[in-house]
Amino acid sequence: MVIRDIANGSEVKIYASVGDHKIVLLTEAIFGVAAGLLVKPMEYFGKYMQFMEPSSVQIRNKRDGRIYKFMSTTITPVKTRYGNFHLIRCSSELEPENTRKAERFYIEKLGVFTINGNKNTLKNCIIHDISLRGMAIILDNETKVRPGDYLDIQFRYGATLHNYEVNAIAVRNFTIKDMPAVGCSIANMNVDFVSLVTIKRNEKYTHLDDVPATNLNPAIPEKEQVMEVNEDIAKQLIPERKPTKKISTVNPLDPAILEHVSREKSLREIKRDERISNEAKAIENLLDLHDI
């Protein structure tokens, strides 16, 4: 997908630097134009921002709900008939994040679990994060879990302290804050767990339907608005040529009109000058004879 395909109303975050300070700018996509993505104007201490160097951009596309992270080419202010905006340009195609791994949501809740169906001994744990594909739990230093072990995990979450039961398989061992942890894949997905992941996603992000689209001119369709903005931006990117002066058909370098330019006479001109000179001398001789 190219940047101009981002939907109207999509959330945009720009991670940039001003001097030695790292800043995060929040804005909203309006619509794609020929040169890039038009977004709402961004100010920093009363001035419009301009980034001529690549900047990290994150967009949550309203059309598909996916997160796109990429490096912009430039981010510059543009002036249109509808006001001042910013134009984000990107020369590469956009790839959605989390295409291979599901997004994780942190909950940090106490829970208990059994290993390989042994219900005689319950183990304590902390549910660190969950996703649609798995979860990570933190163990105490005395509990040993190996990859391939079956875990029956229970924990309570939410205002009503709903009890969630998850069947998982240990995949890998690692540490979280110097504590032993286990990454698990979900062996038996249930409706309760899917609902919890959905709730956590809605808590993290504004619901897509709640984000209003920006309509610059309700009197005309968005397609016509895009055409008008394209015209305005094109005038700024490629200034109109000034009318050219009328070119004279006379060659200004013609030696005949350049008094300071001398040139050698042709043989014909030399003979003509000699003939005129001889005729002048003959006339002078005739005049002399008349005086005698």
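The first residue of the sequence shown is numbered 1, and numbering continues consecutively from there. Keep in mind that this is a model prediction, so the values were computed, not measured.
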Under 3.5 Å, side chain of [X] to main-chain N/O of [Y], donor-acceptor pair present?
| X | Y | value |
| --- | --- | --- |
| His86 | Ile75 | no |
| Gln154 | Asn163 | no |
| Glu165 | Ile153 | no |
| Thr74 | Thr76 | no |
| Arg4 | Gly32 | no |
| Asn173 | Val145 | yes |
| Asn230 | Val226 | yes |
| Thr27 | Val39 | no |
| Thr114 | Gly117 | no |

Provide the closest heavy-atom pair for [X] versus [Y] in the form atom of the first, atom of the second, distance.
| X | Y | answer |
| --- | --- | --- |
| Ala170 | Val182 | CB-CG1, 3.7 Å |
| Phe51 | Ala16 | CE2-CB, 3.4 Å |
| Asp5 | Arg63 | O-NH1, 2.6 Å |
| Ala7 | Asn61 | N-OD1, 3.0 Å |

Exceeds 12 heavy-atom contacts within 6.0 angstrom, atom [atom1] of [X]:
| X | atom1 | result |
| --- | --- | --- |
| Phe193 | CZ | yes |
| Glu142 | CD | no |
| Met1 | CE | yes |
| Gln50 | CD | yes |

Suppose the criterion is side-chain hydrogen bond (donor to acceptor under 3.5 Å, both in side chains): which pairs have a residue in residues 177-193, not counting sequence neighbours? His162-Asp192
In the structure I gave you, are the side-chain heavy atoms of Ile30 and Phe85 within less than 4.5 Å of one another anywhere? yes
Using the salt bridge (charged side-chain N to carboxylate O under 4.0 Å, His left out) rule, take Glu231 and Arg81 through it: C-alpha gap first, then chi angles, then the decisive distance, then the call. CA-CA 10 Å; Glu231 293 175 358; Arg81 67 193 68 185; 3.3 Å; yes
Quick check: is Ile169 connected to Phe113 through a chain of hydrophobic side chains (ILVMFWY, heavy atoms under 4.5 Å apart)? no
Using the rule that Ile, Leu, Val, Met, Phe, Trp and Tyr join whenever any side-chain heavy atoms are under 4.5 Å apart, tell me whether Ile186 and Val194 fall into a single cluster. yes
Check the orientation of Tyr106 and His128. Use parallel for under 30°, tilted for 30 to 60°, and perpendicular for over 60°. perpendicular
Ser10 side chain to Glu28 side chain, donor-acceptor N/O pair below 3.5 angstrom: no
Which hydrophobic side chains are connected to Phe174, either touching it within the sub-4.5 Å cutoff or through other members that do? Leu110, Ile126, Ile138, Ile176, Met179
